[in-house]
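Note on naming: letters A, B, ... go to the chains in the order of the sequence lines (proteins, then strands), and numbering restarts at 1 for each one. Computed from heavy atoms alone, side chains included, the values below leave out hydrogens, waters and symmetry copies.
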2 protein chains.
Amino acid sequence: MGNDRKPSRAASLEFAAGEEVREPAQMKNYLGYAIRRAQMRAYESFYNALRDLETTPSRFTLMLLMRENPGIRSVDLARKLGVARSGMVRLIDDLEGRGLIVREVVKADRRNQALALTTEGRRYLRQLERAVGRHESALTDKLTAKERAQLIKLLWRVGT
Amino acid sequence: MGNDRKPSRAASLEFAAGEEVREPAQMKNYLGYAIRRAQMRAYESFYNALRDLETTPSRFTLMLLMRENPGIRSVDLARKLGVARSGMVRLIDDLEGRGLIVREVVKADRRNQALALTTEGRRYLRQLERAVGRHESALTDKLTAKERAQLIKLLWRVGT
DNA sequence: TATTGTTATACTCTATAACTATA
DNA sequence: TATAGTTATAGAGTATAACAATA
């Protein structure tokens, strides 16, 4: 961004800098801001629950998709997650380096690699799922089951 | 936590064709995943509406808070946004370099700086608000006003 | 020519730690 | 000693572009 613009005249700053931060009323009505705050809480909760399991939401999602679609290609995972092909390589390198997945060249089209979980990967993923279950419970502890379902339903109508 | 990064328009075009990826049923029931997807949509929409205005959700929020709290200190903004003090410096440098805000040493305690919008900053912020209004409408075009309000209410019960 | 996986590179955001000047 | 702002640095994530192998 261009940072060479000339500054305007200063506003008067007679105000004492208190610790309370007033929030403009409109901010409570921005859906984007509400989503952002909720995601911050969700990430915090995720990492609290999975602190010792050395993973991230992306890695967890990736492993779920590989279990459901054994033999899936990297390019299809990238498309599903909305990231570039090059970004997948690091993630897949990481999971393979930990013995959680394998990649295998596809005979029919040697440009492709089939990805799948190892036995250890499946065991590890079950462990992740238990922790994610705890995280999800903590995240929604202020909501009834009905409200939680309603929230998820509305979010999906925004997110797709 | 939240990253202000441009969504990959090119990536989704690049991977236009591909095989179908089965999604595990449980993924539809994870609130964390629903929030993540909704945020991806929200970011995409934000950047579509504010493409030419050289800003980010963080910068926009920062400016709203400065207008509402003229003379606010950097440390209080950092706390409010949940980022480290050091992270604020770059953002404030950027806004100041563009003539949108001023920082002024506080006489009573010379460790503090009072932050406030310039006249140009206030004009620019009004321009941002109009664009954000369009973005918010686009984001919720599938929801009724009642559903939108319900969604925001539920998100705030998760996000605080 | 087009596609898949890869490498190289760069940029943004974020965090930690150390420094400075104040208090 | 403690605090506000700053600087230095490192790491994660993601983008683009170019490349080799393959189709």
Query - Nucleotide nearest A:S86 (side chain, heavy atoms from C-beta), chosen from D:dA17, C:dA23, C:dG5 - result: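 Comparing D:dA17, C:dA23, C:dG5 against the side chain of A:S86, the answer is D:dA17.
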
Report summary line: 5'-most contact on DNA chain D (nearest-nucleotide basis), A:D109 vs A:T56, goes to A:T56

When all nucleic acid strands are considered with a 4.0 Å heavy-atom cut-off, which category describes [X]: base, sugar-phosphate, or nothing?
{"X": "B:V75", "value": "sugar-phosphate"}
{"X": "B:R85", "value": "base"}
{"X": "B:V83", "value": "sugar-phosphate"}

Query raised in the report: Taking NZ, NE, NH1 and NH2 as the nitrogens, is one of them in B:R90 or B:D93 under 4.0 Å from a carboxylate oxygen of the other?
Result: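 So B:R90 does not pair with B:D93 through a salt bridge.
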
**Report entry** Ion pair check, A:E136 and A:R148, cut-off under 4.0 Å
**Finding:**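 Salt bridge flag = yes for A:R148 with A:E136.
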
Query - Nearest non-hydrogen partners of B:E23 and A:E68, listed with the distance - result: C-CG, 4.3 Å

Query - Taking every non-hydrogen atom, the tightest pair across A:I101 and A:E96 - result: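 Closest approach of A:I101 to A:E96, heavy atoms only: CG1-N, 3.6 Å.
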
What is the separation between atom [atom1] on [X] and atom [atom2] on [N], rounded to the nearest whole Å?
{"X": "B:L95", "N": "D:dG5", "atom1": "CG", "atom2": "P", "answer": "15 Å"}
{"X": "A:E96", "N": "C:dT6", "atom1": "CD", "atom2": "P", "answer": "8 Å"}
{"X": "B:I92", "N": "C:dT14", "atom1": "CD1", "atom2": "P", "answer": "14 Å"}
{"X": "B:L91", "N": "C:dC13", "atom1": "CG", "atom2": "P", "answer": "7 Å"}
{"X": "A:M88", "N": "D:dG13", "atom1": "CE", "atom2": "C1'", "answer": "13 Å"}
{"X": "A:Y47", "N": "D:dG11", "atom1": "OH", "atom2": "C1'", "answer": "13 Å"}
{"X": "A:D76", "N": "C:dT3", "atom1": "CG", "atom2": "C1'", "answer": "12 Å"}

Requested in this report: Ignoring backbone atoms, test whether B:R59 places a side-chain nitrogen or oxygen under 4.0 Å from the OP1 or OP2 oxygen of C:dC13.
Outcome: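 Answer yes for this pair, as a side-chain N or O of B:R59 is under 4.0 Å from OP1 or OP2.
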
Query raised in the report: Just to confirm, is there a sub-4.0 Å distance from OP1 or OP2 of D:dG13 to any side-chain nitrogen or oxygen of A:R90?
Result: no

Query raised in the report: More than 12 foreign heavy atoms under 6.0 Å from CD of A:E104: is that the case here?
Result: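 Result for CD/A:E104: open.
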
Query raised in the report: Want to settle it: does A:R111 or A:R103 sit nearer the 5' end of DNA chain C, counting the closest nucleotide to each?
Result: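 Counting from the 5' end, the first nearest nucleotide belongs to A:R111.
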
